[in-house]
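Accompanying notes for the structure given below.
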Amino acid sequence: DNTATGQGRPRKKPNPDTFAGRCGDLLRRLRLDAGFTGQQLAAAAGVPYESLNQYERGVRLPSIEAAGKLVAALGLSLAALDPLFAQASS
């Protein structure tokens with residue numbers, strides 16, 4: 001299924017040339033690897049689904065608080081986001 005919501009709308013890919021795009025791509029991959037839907041992760045993390053959707057599409061960056069809630073709900077720590085900072089410094 002190549003849709004954001006399962007309702008037939010194509011998912012817009014984040015721009016890999018931006019930090020927000022790379023962050024969104026990583027969050028989405030971590031979520032999918034953990035077997036969560038967007039709605040499930042948003043509920044587990046206590047983050048609005050619309051916000052998670054915007055993060056994953058690279059429209060906006062999560063606050064450190066929201067990022068912490070999301071990775072914690074995935075059973076991870078903020079260290080899971082380290083690849084973002086390694087890319088940013090290279």
Side-chain angles (χ1 to χ4, degrees):
D1 186 3
N2 190 27
T3 60
T5 63
Q7 298 175 351
R9 293 184 305 198
R11 182 180 192 287
K12 183 178 178 186
K13 290 192 165 232
N15 182 347
D17 295 330
T18 66
F19 186 76
R22 290 190 303 273
C23 181
D25 185 58
L26 179 59
L27 283 173
R28 181 175 183 272
R29 283 188 283 124
L30 292 172
R31 173 179 61 78
L32 292 173
D33 288 349
F36 281 83
T37 66
Q39 290 88 351
Q40 289 170 330
L41 177 56
V47 172
Y49 172 72
E50 286 300 318
S51 294
L52 174 60
N53 185 278
Q54 290 176 350
Y55 305 150
E56 288 191 356
R57 289 184 296 127
V59 173
R60 62 186 258 229
L61 284 168
S63 66
I64 194 72
E65 179 184 5
K69 289 178 177 181
L70 290 165
V71 295
L74 294 170
L76 304 170
S77 71
L78 282 172
L81 302 179
D82 282 352
L84 292 173
F85 301 102
Q87 288 178 343
S89 65
S90 58

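What you see is a predicted model, and the numbers here were worked out from it, not measured in a lab. Note that the numbering runs from 1 along the sequence shown for the chain.
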Residue set satisfying side chain to side chain donor-acceptor pair (under 3.5 Å) with S63, at least two apart, ordered chain then number -> none
What are the two closest heavy atoms between A67 and L78, and how far apart are they?
C-CD2, 3.9 Å
The salt bridge (Lys or Arg N to Asp or Glu O under 4.0 Å) partners of E65 (sequence neighbours excluded) come to K69
Minimum heavy-atom distance A20-L61, with the two atoms named
CA-CD2, 3.6 Å
Of the non-hydrogen atoms in Y55 and A66, which two are nearest, and what is the gap between them?
OH-CB, 3.8 Å
Got a sec, which pairs hit salt bridge (Lys or Arg N to Asp or Glu O under 4.0 Å) with one end in residues 37-49, sequence neighbours left out?
none
hydrophobic_cluster_shared for V47 and L30, side chain cutoff 4.5 Å:
yes
With sequence neighbours left out, what residues match A34 under side-chain contact (heavy atoms from CB on, under 4.5 Å)?
F36, L74
Ignoring hydrogens, what is the shortest heavy-atom contact between A42 and P48? Give both atom names and the distance.
CB-C, 4.2 Å
Starting at CD of E56, measure out to CG of D25 and round the result to the nearest 0.5 Å.
9.5 Å
Nearest-0.5 Å distance, CG of residue L76 to CG of residue L81
8.5 Å
Under the rule for side-chain contact (heavy atoms from CB on, under 4.5 Å), what residues qualify as partners of L32, not counting sequence neighbours?
R28
Tell me, please, which residues at least two apart from T37 pass side-chain contact (heavy atoms from CB on, under 4.5 Å).
Q39, Q40
Residues two or more places apart in sequence or in another chain: which of them pass side-chain contact (heavy atoms from CB on, under 4.5 Å) with A43?
none
Taking a hydrophobic cluster as the set of Ile, Leu, Val, Met, Phe, Trp and Tyr residues connected by side-chain heavy atoms closer than 4.5 Å, whether directly or through intermediates, do L84 and L52 fall within one such cluster?
yes
R29 and D33: CA distance, side-chain angles, deciding distance, salt bridge (Lys or Arg N to Asp or Glu O under 4.0 Å) verdict:
CA-CA 6 Å; R29 283 188 283 124; D33 288 349; over 6 Å; no
